[in-house]
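Written below as C-alpha coordinates is the structure these notes are about.
Proteins come first, then strands; the chains are lettered A, B, ... in the order of their sequence lines, and each starts at number 1.
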2 protein chains.
Amino acid sequence: MDHQFPKTVTRQELLFEDSDAKFRKLLYEITALADRVETMRATFARHFGITRPQYNILFYIAQHQRDVGLTTGQVATALRVSSPHVVQEVNQLVRVNLIEKSPNPDDGRSVLLRVSERGFVMIDDLAPTLRDVNDRLFQSLSKSEFDQLCTLVATILEDAEGVISKLPVD
Amino acid sequence: MDHQFPKTVTRQELLFEDSDAKFRKLLYEITALADRVETMRATFARHFGITRPQYNILFYIAQHQRDVGLTTGQVATALRVSSPHVVQEVNQLVRVNLIEKSPNPDDGRSVLLRVSERGFVMIDDLAPTLRDVNDRLFQSLSKSEFDQLCTLVATILEDAEGVISKLPVD
DNA sequence: ATAATAAAATTATGTAAGTTTATTATCTAT
DNA sequence: ATAGATAATAAACTTACATAATTTTATTAT
(Lines give C-alpha, C1' and ligand atoms only; values in the text may rest on other atoms or scores of the structure.)
Protein backbone atom coordinates (compact mmCIF):
# COMPACT_ATOMS: atom_id res chain seq x y z
CA MET A 1 0.00 0.00 0.00
CA ASP A 2 2.78 2.36 0.97
CA HIS A 3 4.80 2.72 -2.21
CA GLN A 4 8.25 4.11 -2.16
CA PHE A 5 9.59 6.02 -5.09
CA PRO A 6 12.33 4.10 -6.93
CA LYS A 7 15.84 5.49 -7.20
CA THR A 8 16.49 7.55 -10.29
CA VAL A 9 20.24 7.09 -10.45
CA THR A 10 22.70 4.33 -9.56
CA ARG A 11 26.22 5.82 -9.77
CA GLN A 12 27.69 5.81 -6.29
CA GLU A 13 29.17 9.25 -6.91
CA LEU A 14 25.64 10.64 -7.11
CA LEU A 15 24.19 8.96 -4.04
CA PHE A 16 24.29 10.15 -0.44
CA GLU A 17 23.63 7.68 2.30
CA ASP A 18 22.19 5.48 -0.39
CA SER A 19 19.60 8.11 -1.32
CA ASP A 20 19.19 9.93 -4.63
CA ALA A 21 17.53 12.90 -2.88
CA LYS A 22 20.47 15.20 -3.47
CA PHE A 23 20.60 14.23 -7.13
CA ARG A 24 16.88 14.88 -7.62
CA LYS A 25 17.25 18.23 -5.87
CA LEU A 26 20.04 19.17 -8.27
CA LEU A 27 17.95 18.30 -11.33
CA TYR A 28 15.06 20.29 -9.89
CA GLU A 29 17.31 23.26 -9.17
CA ILE A 30 18.87 23.28 -12.61
CA THR A 31 15.47 23.67 -14.22
CA ALA A 32 14.38 26.12 -11.53
CA LEU A 33 17.43 28.27 -12.15
CA ALA A 34 16.83 28.35 -15.89
CA ASP A 35 13.25 29.30 -15.12
CA ARG A 36 14.40 32.23 -12.97
CA VAL A 37 16.72 33.42 -15.71
CA GLU A 38 13.81 33.38 -18.17
CA THR A 39 11.70 35.24 -15.63
CA MET A 40 14.31 37.99 -15.53
CA ARG A 41 14.42 38.13 -19.30
CA ALA A 42 10.64 38.40 -19.39
CA THR A 43 10.88 41.37 -17.04
CA PHE A 44 13.46 43.10 -19.23
CA ALA A 45 11.33 42.32 -22.26
CA ARG A 46 8.27 43.90 -20.66
CA HIS A 47 10.35 46.95 -19.88
CA PHE A 48 11.08 47.19 -23.62
CA GLY A 49 7.43 46.63 -24.49
CA ILE A 50 8.21 43.34 -26.18
CA THR A 51 7.69 39.67 -25.31
CA ARG A 52 10.20 37.20 -23.93
CA PRO A 53 10.76 35.32 -27.21
CA GLN A 54 11.14 38.67 -28.95
CA TYR A 55 13.73 39.67 -26.36
CA ASN A 56 15.62 36.43 -26.84
CA ILE A 57 15.63 36.84 -30.61
CA LEU A 58 16.62 40.50 -30.43
CA PHE A 59 19.53 39.79 -28.11
CA TYR A 60 20.69 36.77 -30.04
CA ILE A 61 20.89 38.85 -33.19
CA ALA A 62 22.55 41.76 -31.39
CA GLN A 63 25.24 39.44 -30.07
CA HIS A 64 25.85 37.48 -33.25
CA GLN A 65 25.20 39.73 -36.22
CA ARG A 66 28.60 40.95 -37.31
CA ASP A 67 28.63 43.36 -40.17
CA VAL A 68 26.52 41.16 -42.32
CA GLY A 69 23.60 40.18 -40.07
CA LEU A 70 21.89 36.84 -39.59
CA THR A 71 19.34 35.00 -41.68
CA THR A 72 15.98 33.86 -40.36
CA GLY A 73 17.11 30.27 -40.58
CA GLN A 74 20.31 30.89 -38.65
CA VAL A 75 18.36 32.45 -35.80
CA ALA A 76 15.81 29.63 -35.81
CA THR A 77 18.51 26.96 -35.69
CA ALA A 78 20.51 28.69 -32.98
CA LEU A 79 17.50 29.26 -30.74
CA ARG A 80 16.04 25.84 -31.61
CA VAL A 81 12.69 27.15 -32.73
CA SER A 82 10.94 26.93 -36.08
CA SER A 83 11.56 29.40 -38.88
CA PRO A 84 7.92 30.51 -39.01
CA HIS A 85 8.16 31.42 -35.36
CA VAL A 86 11.22 33.56 -35.99
CA VAL A 87 9.49 35.18 -38.97
CA GLN A 88 6.48 36.00 -36.83
CA GLU A 89 8.42 37.48 -33.92
CA VAL A 90 10.92 39.31 -36.11
CA ASN A 91 8.06 40.94 -38.00
CA GLN A 92 6.81 42.34 -34.70
CA LEU A 93 10.29 43.65 -33.96
CA VAL A 94 10.49 45.22 -37.41
CA ARG A 95 7.13 46.89 -36.81
CA VAL A 96 8.46 48.59 -33.67
CA ASN A 97 11.71 49.41 -35.45
CA LEU A 98 14.03 47.28 -33.36
CA ILE A 99 15.12 44.99 -36.21
CA GLU A 100 15.82 45.77 -39.85
CA LYS A 101 15.50 43.37 -42.74
CA SER A 102 17.57 43.58 -45.89
CA PRO A 103 17.88 41.31 -48.89
CA ASN A 104 20.81 38.91 -48.82
CA PRO A 105 23.05 39.86 -51.74
CA ASP A 106 24.40 36.30 -51.86
CA ASP A 107 21.02 34.58 -52.01
CA GLY A 108 17.81 36.00 -53.36
CA ARG A 109 15.65 33.69 -51.23
CA SER A 110 17.24 34.84 -48.04
CA VAL A 111 16.88 37.86 -45.81
CA LEU A 112 19.39 39.44 -43.45
CA LEU A 113 18.34 40.56 -39.98
CA ARG A 114 20.13 43.29 -38.05
CA VAL A 115 19.33 45.19 -34.90
CA SER A 116 18.38 48.76 -35.73
CA GLU A 117 19.94 51.93 -34.36
CA ARG A 118 16.97 52.21 -32.03
CA GLY A 119 17.47 48.60 -30.98
CA PHE A 120 21.03 49.27 -29.92
CA VAL A 121 19.99 52.39 -28.06
CA MET A 122 17.55 50.30 -26.05
CA ILE A 123 20.14 47.62 -25.43
CA ASP A 124 22.67 50.22 -24.30
CA ASP A 125 20.03 51.68 -22.00
CA LEU A 126 19.43 48.29 -20.44
CA ALA A 127 23.10 47.34 -20.18
CA PRO A 128 23.80 48.90 -16.75
CA THR A 129 20.79 47.10 -15.30
CA LEU A 130 21.88 43.89 -16.95
CA ARG A 131 25.37 44.18 -15.47
CA ASP A 132 23.94 44.88 -12.04
CA VAL A 133 21.63 41.89 -12.22
CA ASN A 134 24.29 39.52 -13.55
CA ASP A 135 26.87 40.65 -11.02
CA ARG A 136 24.40 39.96 -8.25
CA LEU A 137 23.26 36.66 -9.74
CA PHE A 138 26.84 35.37 -9.63
CA GLN A 139 27.96 37.41 -6.64
CA SER A 140 28.83 34.35 -4.57
CA LEU A 141 31.18 32.75 -7.08
CA SER A 142 34.93 33.08 -7.00
CA LYS A 143 36.83 33.02 -10.24
CA SER A 144 37.75 29.38 -9.79
CA GLU A 145 34.17 28.45 -8.94
CA PHE A 146 33.00 30.25 -12.05
CA ASP A 147 35.53 28.31 -14.12
CA GLN A 148 34.48 25.04 -12.57
CA LEU A 149 30.82 25.79 -13.16
CA CYS A 150 31.45 26.63 -16.81
CA THR A 151 33.31 23.37 -17.32
CA LEU A 152 30.75 21.26 -15.48
CA VAL A 153 27.75 22.73 -17.26
CA ALA A 154 29.41 22.46 -20.66
CA THR A 155 30.28 18.82 -19.98
CA ILE A 156 26.81 17.87 -18.82
CA LEU A 157 25.20 19.69 -21.72
CA GLU A 158 27.37 17.75 -24.11
CA ASP A 159 26.46 14.48 -22.41
CA ALA A 160 22.80 15.51 -22.52
CA GLU A 161 22.94 15.81 -26.29
CA GLY A 162 24.41 12.34 -26.45
CA VAL A 163 21.75 10.92 -24.16
CA ILE A 164 18.91 12.50 -26.12
CA SER A 165 20.25 11.25 -29.44
CA LYS A 166 19.77 7.67 -28.25
CA LEU A 167 17.02 7.65 -25.68
CA PRO A 168 15.97 4.06 -24.95
CA VAL A 169 12.30 4.99 -25.22
CA ASP A 170 10.45 6.51 -28.15
CA MET B 1 27.58 52.22 -37.77
CA ASP B 2 29.33 49.19 -36.37
CA HIS B 3 27.80 48.73 -32.93
CA GLN B 4 29.38 46.52 -30.38
CA PHE B 5 27.31 44.71 -27.85
CA PRO B 6 27.86 46.10 -24.33
CA LYS B 7 29.25 43.95 -21.56
CA THR B 8 26.64 42.16 -19.49
CA VAL B 9 28.71 41.71 -16.36
CA THR B 10 31.45 43.66 -14.57
CA ARG B 11 32.87 41.39 -11.86
CA GLN B 12 36.47 40.61 -12.75
CA GLU B 13 35.94 37.02 -11.65
CA LEU B 14 33.49 36.56 -14.50
CA LEU B 15 35.55 38.17 -17.26
CA PHE B 16 38.18 36.56 -19.46
CA GLU B 17 40.59 38.76 -21.30
CA ASP B 18 38.18 41.57 -20.57
CA SER B 19 35.37 39.78 -22.41
CA ASP B 20 32.05 38.51 -21.03
CA ALA B 21 31.82 35.88 -23.76
CA LYS B 22 32.43 33.00 -21.36
CA PHE B 23 29.82 34.34 -18.98
CA ARG B 24 27.21 34.68 -21.71
CA LYS B 25 28.01 31.17 -22.89
CA LEU B 26 27.41 29.87 -19.37
CA LEU B 27 24.03 31.58 -19.12
CA TYR B 28 23.09 30.19 -22.51
CA GLU B 29 24.20 26.69 -21.54
CA ILE B 30 22.30 26.73 -18.26
CA THR B 31 19.03 27.38 -20.06
CA ALA B 32 20.00 24.95 -22.83
CA LEU B 33 20.66 22.22 -20.28
CA ALA B 34 17.34 22.77 -18.55
CA ASP B 35 15.73 22.63 -21.98
CA ARG B 36 17.36 19.26 -22.70
CA VAL B 37 16.17 17.89 -19.36
CA GLU B 38 12.62 18.95 -20.22
CA THR B 39 13.02 17.34 -23.63
CA MET B 40 13.88 14.06 -21.93
CA ARG B 41 10.88 14.38 -19.63
CA ALA B 42 8.66 15.05 -22.64
CA THR B 43 9.92 11.81 -24.19
CA PHE B 44 9.17 9.83 -21.05
CA ALA B 45 5.78 11.48 -20.86
CA ARG B 46 4.97 10.49 -24.43
CA HIS B 47 5.99 6.95 -23.60
CA PHE B 48 3.35 7.03 -20.85
CA GLY B 49 0.78 8.56 -23.17
CA ILE B 50 0.67 11.76 -21.13
CA THR B 51 1.99 15.28 -21.62
CA ARG B 52 5.10 16.87 -20.15
CA PRO B 53 3.25 18.98 -17.56
CA GLN B 54 1.25 15.90 -16.60
CA TYR B 55 4.49 13.97 -16.20
CA ASN B 56 5.95 16.68 -14.00
CA ILE B 57 2.86 16.80 -11.84
CA LEU B 58 2.64 13.02 -11.59
CA PHE B 59 6.28 12.69 -10.55
CA TYR B 60 6.12 15.57 -8.13
CA ILE B 61 3.20 13.93 -6.35
CA ALA B 62 4.83 10.49 -6.46
CA GLN B 63 7.94 11.87 -4.79
CA HIS B 64 6.23 14.03 -2.19
CA GLN B 65 2.94 12.44 -1.23
CA ARG B 66 3.63 10.59 1.98
CA ASP B 67 0.80 8.63 3.41
CA VAL B 68 -1.55 11.55 3.27
CA GLY B 69 -1.12 12.90 -0.29
CA LEU B 70 -0.85 16.47 -1.53
CA THR B 71 -3.46 19.13 -2.11
CA THR B 72 -3.97 20.87 -5.45
CA GLY B 73 -2.61 24.07 -3.97
CA GLN B 74 0.53 22.43 -2.63
CA VAL B 75 1.34 21.03 -6.05
CA ALA B 76 0.62 24.36 -7.74
CA THR B 77 2.86 26.26 -5.34
CA ALA B 78 5.71 23.76 -5.54
CA LEU B 79 5.67 23.64 -9.34
CA ARG B 80 5.05 27.39 -9.58
CA VAL B 81 1.98 27.12 -11.76
CA SER B 82 -1.58 28.22 -11.15
CA SER B 83 -4.07 26.07 -9.27
CA PRO B 84 -6.48 25.92 -12.21
CA HIS B 85 -3.70 24.48 -14.31
CA VAL B 86 -3.03 21.75 -11.76
CA VAL B 87 -6.75 21.02 -11.57
CA GLN B 88 -6.96 20.67 -15.33
CA GLU B 89 -3.93 18.40 -15.69
CA VAL B 90 -4.74 16.32 -12.63
CA ASN B 91 -8.22 15.71 -13.99
CA GLN B 92 -6.64 14.23 -17.09
CA LEU B 93 -4.46 12.03 -14.93
CA VAL B 94 -7.48 10.92 -12.93
CA ARG B 95 -9.28 10.06 -16.15
CA VAL B 96 -6.49 7.68 -17.16
CA ASN B 97 -6.30 6.31 -13.64
CA LEU B 98 -2.82 7.50 -12.75
CA ILE B 99 -3.91 9.83 -9.93
CA GLU B 100 -6.60 9.40 -7.30
CA LYS B 101 -8.49 12.17 -5.57
CA SER B 102 -9.92 11.90 -2.10
CA PRO B 103 -11.59 14.39 0.18
CA ASN B 104 -9.32 15.99 2.75
CA PRO B 105 -10.67 14.94 6.15
CA ASP B 106 -9.11 18.04 7.72
CA ASP B 107 -10.68 20.55 5.31
CA GLY B 108 -13.89 20.14 3.37
CA ARG B 109 -12.80 22.57 0.64
CA SER B 110 -9.66 20.66 -0.06
CA VAL B 111 -8.82 17.55 -2.01
CA LEU B 112 -5.95 15.09 -1.58
CA LEU B 113 -4.04 13.81 -4.57
CA ARG B 114 -2.19 10.50 -4.63
CA VAL B 115 -0.60 8.43 -7.35
CA SER B 116 -2.68 5.33 -8.04
CA GLU B 117 -1.51 1.74 -8.00
CA ARG B 118 -1.36 1.89 -11.79
CA GLY B 119 0.65 5.11 -11.56
CA PHE B 120 3.30 3.45 -9.43
CA VAL B 121 3.42 0.46 -11.74
CA MET B 122 4.21 2.80 -14.63
CA ILE B 123 6.80 4.66 -12.60
CA ASP B 124 8.45 1.40 -11.56
CA ASP B 125 8.47 0.33 -15.21
CA LEU B 126 10.21 3.54 -16.20
CA ALA B 127 12.70 3.53 -13.32
CA PRO B 128 15.43 1.42 -14.98
CA THR B 129 15.37 3.69 -18.02
CA LEU B 130 15.46 6.73 -15.80
CA ARG B 131 18.48 5.42 -13.93
CA ASP B 132 20.25 4.64 -17.17
CA VAL B 133 19.57 8.11 -18.54
CA ASN B 134 20.56 9.90 -15.35
CA ASP B 135 23.73 7.87 -14.94
CA ARG B 136 24.74 8.79 -18.47
CA LEU B 137 23.74 12.42 -18.08
CA PHE B 138 26.13 12.78 -15.16
CA GLN B 139 28.63 10.15 -16.28
CA SER B 140 31.51 12.64 -16.44
CA LEU B 141 31.19 13.93 -12.88
CA SER B 142 33.28 12.71 -9.99
CA LYS B 143 31.75 12.71 -6.55
CA SER B 144 33.51 15.94 -5.64
CA GLU B 145 32.44 17.59 -8.87
CA PHE B 146 28.87 16.52 -8.20
CA ASP B 147 29.10 18.03 -4.72
CA GLN B 148 30.54 21.25 -6.08
CA LEU B 149 27.86 21.49 -8.73
CA CYS B 150 25.10 20.98 -6.15
CA THR B 151 26.52 23.73 -3.98
CA LEU B 152 27.07 26.16 -6.84
CA VAL B 153 23.65 25.68 -8.36
CA ALA B 154 21.91 25.97 -4.98
CA THR B 155 23.82 29.15 -4.24
CA ILE B 156 23.06 30.77 -7.57
CA LEU B 157 19.42 29.77 -7.37
CA GLU B 158 19.18 31.40 -3.97
CA ASP B 159 20.83 34.55 -5.29
CA ALA B 160 18.46 34.48 -8.26
CA GLU B 161 15.46 34.61 -5.96
CA GLY B 162 16.98 37.64 -4.25
CA VAL B 163 17.68 39.36 -7.54
CA ILE B 164 14.17 38.76 -8.86
CA SER B 165 12.56 40.05 -5.67
CA LYS B 166 14.11 43.46 -6.29
CA LEU B 167 14.64 43.84 -9.99
CA PRO B 168 15.51 47.46 -10.78
CA VAL B 169 13.04 47.49 -13.66
CA ASP B 170 9.31 46.84 -13.65
C1' DA C 1 19.65 25.34 -71.52
C1' DT C 2 16.05 23.15 -69.34
C1' DA C 3 13.65 20.44 -66.19
C1' DA C 4 13.51 18.63 -61.68
C1' DT C 5 14.59 19.17 -57.11
C1' DA C 6 15.88 21.54 -52.99
C1' DA C 7 16.02 25.39 -49.94
C1' DA C 8 14.52 30.09 -47.62
C1' DA C 9 11.07 32.73 -46.20
C1' DT C 10 6.47 33.40 -45.47
C1' DT C 11 1.23 32.71 -44.70
C1' DA C 12 -2.32 30.35 -42.58
C1' DT C 13 -3.74 27.39 -39.28
C1' DG C 14 -3.47 24.46 -35.23
C1' DT C 15 -2.05 23.20 -30.48
C1' DA C 16 0.15 22.86 -25.88
C1' DA C 17 0.70 24.96 -21.81
C1' DG C 18 -0.28 27.89 -19.46
C1' DT C 19 -3.06 32.41 -17.31
C1' DT C 20 -6.92 35.31 -15.43
C1' DT C 21 -11.56 35.84 -13.89
C1' DA C 22 -15.59 34.29 -11.79
C1' DT C 23 -18.16 30.87 -8.92
C1' DT C 24 -19.12 27.81 -5.21
C1' DA C 25 -18.22 25.61 -0.96
C1' DT C 26 -16.03 25.70 3.25
C1' DC C 27 -13.38 27.59 6.87
C1' DT C 28 -11.87 31.25 10.46
C1' DA C 29 -12.28 35.13 13.34
C1' DT C 30 -14.91 38.31 15.43
C1' DA D 1 -24.23 35.04 13.03
C1' DT D 2 -21.89 37.28 9.92
C1' DA D 3 -17.83 38.92 7.22
C1' DG D 4 -14.10 38.00 5.15
C1' DA D 5 -10.50 34.58 3.51
C1' DT D 6 -9.25 30.29 1.22
C1' DA D 7 -9.60 25.79 -1.86
C1' DA D 8 -11.02 23.93 -5.76
C1' DT D 9 -12.99 24.41 -9.98
C1' DA D 10 -15.12 26.05 -14.53
C1' DA D 11 -14.92 29.07 -18.36
C1' DA D 12 -12.63 31.89 -21.23
C1' DC D 13 -8.52 33.76 -22.93
C1' DT D 14 -3.36 34.24 -24.14
C1' DT D 15 1.28 33.05 -25.27
C1' DA D 16 4.57 30.61 -27.46
C1' DC D 17 5.23 27.82 -30.07
C1' DA D 18 4.59 23.92 -34.23
C1' DT D 19 2.97 22.03 -38.80
C1' DA D 20 1.45 22.36 -43.51
C1' DA D 21 1.10 24.70 -47.63
C1' DT D 22 2.79 28.32 -50.80
C1' DT D 23 5.96 31.27 -53.24
C1' DT D 24 10.32 32.55 -54.83
C1' DT D 25 14.91 31.63 -55.83
C1' DA D 26 18.94 28.33 -56.16
C1' DT D 27 21.05 24.19 -57.38
C1' DT D 28 21.66 19.91 -59.79
C1' DA D 29 21.20 16.52 -63.45
C1' DT D 30 20.46 15.82 -67.88
Atom [atom1] of [X] and atom [atom2] of [N]: how far apart are they, to the nearest Å?
| X | N | atom1 | atom2 | value |
| --- | --- | --- | --- | --- |
| A/Ile57 | D/dC17 | CD1 | C1' | 11 Å |
| A/Glu89 | D/dA16 | CD | P | 7 Å |
| B/Ile50 | C/dA17 | CD1 | C1' | 14 Å |
| B/Asn56 | C/dA17 | CG | P | 10 Å |
| B/Gln88 | C/dT21 | CD | P | 18 Å |
| B/Lys101 | D/dT9 | NZ | C1' | 8 Å |
| B/Asn91 | D/dA7 | CG | C1' | 14 Å |
| A/Leu93 | D/dA16 | CG | P | 12 Å |

When you check the phosphate oxygens OP1 and OP2 of [N], does a side-chain N or O of [X] lie under 4.0 Å from one of them?
| X | N | value |
| --- | --- | --- |
| A/Thr72 | C/dT10 | yes |
| A/Ser82 | D/dA18 | yes |
| B/Ser110 | D/dA8 | yes |
| A/Thr51 | D/dA16 | yes |

Exercise for review: Name the nucleic acid region contacted by B/Asn104, choosing base, sugar-phosphate or nothing; use a 4.0 angstrom heavy-atom cut-off, strictly under.
Suggested key: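 If one applies the 4.0 Å heavy-atom cut-off, B/Asn104 turns out to touch nothing in the nucleic acid.
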
Exercise for review: Answer yes or no: is there a side-chain heavy-atom contact under 4.5 Å between B/Leu27 and A/Asn134?
Suggested key: yes

**Study point:** Lys/Arg N to Asp/Glu carboxylate O, B/Asp147 vs B/Lys143, below 4.0 Å
**Key:** no

Using the six-membered ring wherever Trp is involved, compare the ring planes of [X] and [Y] and label them parallel, tilted or perpendicular (cut-offs 30° and 60°).
| X | Y | value |
| --- | --- | --- |
| A/Phe5 | B/Phe59 | perpendicular |
| A/His3 | B/Phe120 | parallel |
| A/Phe138 | A/Phe146 | perpendicular |

Check your understanding: With both distances under 3.5 Å as the test, what is the Watson-Crick or G-U wobble partner of D/dT27?
Key ->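 Per the H-bond distance test, C/dA4.
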
Exercise for review: Select from B/Gln74 and A/Pro105 the residue whose nearest nucleotide in DNA chain D is closer to the 5' end of that strand.
Suggested key: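 Final value for this comparison: B/Gln74.
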
Point to revise | Given DNA chain D, 5'-ward residue of the pair A/Pro84 and A/Asp106, judged by closest heavy atom | key: A/Pro84

Study note, to complete from the structure: Testing D/dC17, D/dT9, C/dA17 for proximity to the side chain of B/Pro53, the answer is C/dA17

Check your understanding: With respect to the side chain of A/Val87, which nucleotide from C/dT11, C/dT19, C/dA8 is positioned closest?
Key ->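 It is C/dT11.
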
**Study point:** Donor-acceptor pair (no angle test) under 3.5 Å: A/Arg109 side chain, C/dA7 base
**Key:**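 Yes, a donor-acceptor pair under 3.5 Å.
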
